[in-house]
Amino acid sequence: MGMWIGRNRKARVTYGFDEIALVPGDVTINPNEVDTSFLIPRKDGSHIKLKIPIIASAMDGVTDVKFCVEMGKLGGLGVINLEGVQTRYENPSEVLEQVVKADKDEVTSLIQKLYLEPIKEELIGRRVEELKKAGVLAAVSSIPQKAERFAAIAQEAGADIFIVQSTVSTVRHVSTEYKSLELENFCKSLRIPVIIGNAVTYNVTLDLMGCGVAGVLIGVGPGAACTSRGVLGLGVPQVTATVDCAAARDAYHKKTGRYIPIITDGGMSKGGDVCKALACGSDAVMVGSAFARAKEAPGKGNHWGMATPHANLPRGTRIKVGVTGSLKQILFGPATVDDGSQNLVGAITTCMGNVGAASIREFQETEIIIAPSIKTEGKLFQTVQSVGMGTR
């Protein structure tokens with residue numbers, strides 16, 4: 001499988017969201033009657049149930065306690081970055097204001113400087129407690145090197161979900177400079193579900209699931225504020241990555257009887273992208289830039305990735321996405337923009353109805369076609385006038 005790119009070297013053809021389309025079904029369903037729920041397995045065999053299959057990324061321009069509380073009340077899940085400004089500063093809003101106002105030529109160095117402030121462990125527990133006091137699920141995130149210490153603090157404070165995120169996640173990480181996270185032991189040591197990312201291949205997804213994780217994040221470099229693909233040359237387009245990792249999930253389920261969800265992470269700014277991710281086999285999606293546009297987002301219409309503060313090789317940048325509406329509008333409408341960036345849940349339910357899928361599992365069986373002209377066919381006036389599908 002693949003094409004020759006030179007002597008003795010082949011490469012696979014892979015696909016992103018703009019290169020495929022979903023085919024309408026033989027039967028259609030009332031969108032109000034489809035089930036969009038998403039289950040995260042617990043160790044005791046029960047599940048954490050979300051009404052909608054959408055998670056807000058653990059990025060400082062997207063999530064803080066206020067945002068996560070609102071997200072939880074609307075049926076989704078927001079994640080707090082335990083290595084961001086929320087745990088480095090007593091009053092993170094003052095720091096975020098500096099990032100928002102910084103000149104574009106100076107913002108990366110400013111972010112690097114601001115993130116040198118040490119993480120205060122007492123703030124980890126406080127942020128979790130603030131979420132629990134508001135009556136919503138508490139989900140928090142860290143990199144592997146800090147995971148054991150931070151997870152223990154977060155769990156003690158009442159966290160419901162712990163997420164371990166790195167640019168690329170593997171079970172077998174080689175390092176002589178620091179102790180690698182032993183993922184299987186880590187998962188066994190915690191009472192709460194562990195979600196890990198990020199992965200884009202079949203074999204790695206299988207390996208991660210074998211360690212007892214409760215979910216795997218899929219995607220390397222597709223985020224709107226991420227520059228990993230340019231800086232490192234790494235990545236697999238999200239359609240192919242999702243399909244490959246969904247195949248690993250299904251193989252693992254067949255072998256063990258355990259269904260471990262995959263969550264497509266990044267590269268989705270419009271309802272159509274979210275629908276395609278789910279139809280390609282994802283159980284849920286993790287979204288950043290779409291939520292950075294919400295009035296409740298702490299970045300006030302600005303967005304930057306978790307790798308942006310890296311001291312030597314930043315793999316992200318601050319981007320301005322603007323504020324277009326409330327979080328409720330972005331999730332459920334009514335949409336006041338014409339580009340598909342609002343009413344994401346409405347897009348999911350309508351698409352599910354049109355392909356005849358009553359549940360996310362059924363949605364994953366949707367017929368998919370390769371269709372590079374799907375966004376441009378007949379859309380000349382929209383493109384020329386930069387409206388609707390002509391908006392980029």
Check whether any side-chain N or O of [X] sits under 3.5 Å from a backbone N or O of [Y] as a donor-acceptor pair, and report yes or no.
X      : Y      : answer
Gln98  : Val95  : no
Arg293 : Ile330 : no
Ser57  : Met59  : no
Asn198 : Gly219 : yes
Arg126 : Thr87  : no
Lys104 : Arg318 : no
Ser282 : Ile262 : yes
Gln238 : Pro222 : no
Thr349 : Gly346 : yes
Glu106 : Asp103 : no

Would you say that [X] contacts [Y] through its side chain, given a criterion of any heavy-atom pair below 4.5 Å between the two side chains?
X      : Y      : result
Phe363 : Val34  : no
Lys146 : Leu82  : no
Leu77  : Met71  : no
Glu365 : Glu362 : no
Phe150 : Ile119 : yes
Lys51  : Ser37  : no
Leu131 : Val69  : yes
Ile360 : Met352 : yes

Requested in this report: Would you mind checking if Glu121 and Arg149 are paired as a salt bridge, meaning a charged N to carboxylate O distance below 4.0 Å?
Outcome: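 The answer is yes: the pair qualifies as a salt bridge.
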
Report task. In plain terms, say whether Lys328 and Glu70 are close enough for a salt bridge, that is, a side-chain N and a carboxylate O under 4.0 Å apart. Result -> no

Query raised in the report: How far apart are the C-alpha atoms of Asp64 and Arg127, what are their side-chain angles, what is the distance that settles it, and do they pass the salt bridge (charged side-chain N to carboxylate O under 4.0 Å, His left out) test?
Result: CA-CA 9 Å; Asp64 60 4; Arg127 300 303 178 225; over 6 Å; no

Which atom names give the shortest non-hydrogen contact between [X] and [Y], and what distance separates them?
X      : Y      : value
Leu278 : Gln364 : O-CG, 3.4 Å
Lys132 : Asp160 : NZ-OD2, 2.8 Å
Ala58  : Ser141 : CB-CB, 3.8 Å
Thr63  : Ala56  : CG2-CB, 3.9 Å
Lys270 : Asp339 : CD-O, 2.9 Å
Val128 : Ala159 : CG1-N, 3.4 Å

How long is the gap from [atom1] on [X] to [atom2] on [Y], to the nearest 0.5 Å?
X      : Y      : atom1 : atom2 : result
Leu50  : Leu137 : CG    : CG    : 6.5 Å
Arg88  : Asp60  : CZ    : CG    : 8.5 Å
Glu296 : Cys68  : CD    : SG    : 11.5 Å
Asp265 : Ile218 : CG    : CD1   : 9.0 Å
Leu327 : Lys295 : CG    : NZ    : 11.5 Å
Gln155 : Ser189 : CD    : OG    : 7.5 Å

Verify the cluster assignment for [X] and [Y]: are they in a single hydrophobic cluster under the rule of side-chain heavy atoms below 4.5 Å apart?
X      : Y      : result
Phe38  : Val274 : no
Leu206 : Leu183 : yes
Tyr89  : Ile111 : yes
Leu344 : Val355 : yes
Val79  : Ile48  : yes

Requested in this report: Sort out for me which residue in Asp244, Thr242, Val200 forms a side-chain contact (heavy atoms from CB on, under 4.5 Å) with Val236.
Outcome: Val200

Query raised in the report: Given Ile263, which of Ile54, Ile195, Asp283 fulfils the side-chain contact (heavy atoms from CB on, under 4.5 Å) condition?
Result: Ile195

**Report entry** Distance-only side-chain donor-acceptor flag, Thr14 / Thr240, under 3.5 Å
**Finding:** no

Query raised in the report: For Asp44 and Ser46, does a side-chain donor sit closer than 3.5 Å to a side-chain acceptor?
Result: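 Judged by distance alone, the side chains do pair up.
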
Requested in this report: Kindly determine whether Phe162 and Val140 satisfy side-chain contact (heavy atoms from CB on, under 4.5 Å), including the steps that lead there.
Outcome: CA-CA 5 Å; Phe162 194 86; Val140 293; 3.6 Å; yes

Do other residues, nucleotides or ligands put more than 12 heavy atoms under 6.0 Å from [X] [atom1]?
X      : atom1 : answer
Lys188 : NZ    : no
Asp26  : CG    : no
Glu156 : CD    : no

Requested in this report: Start with the C-alpha distance between Asn81 and Gln86, add both sets of side-chain angles, then the distance that settles side-chain contact (heavy atoms from CB on, under 4.5 Å), and finish with yes or no.
Outcome: CA-CA 7 Å; Asn81 178 14; Gln86 300 298 323; over 6 Å; no

Report task. Can you tell me which residue pairs pass the ring pair (Phe, Tyr, Trp, His ring centres under 6.0 Å) test with a partner in residues 243-283, sequence neighbours excluded? Result ->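 Checked against ring pair (Phe, Tyr, Trp, His ring centres under 6.0 Å) - neighbours excluded - the pairs reaching residues 243-283 are His253-Tyr259.
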
Report task. Decide yes or no on salt bridge (charged side-chain N to carboxylate O under 4.0 Å, His left out) for Glu129 and Lys133, but give the supporting numbers first. Result -> CA-CA 6 Å; Glu129 290 167 0; Lys133 186 177 180 180; over 6 Å; no

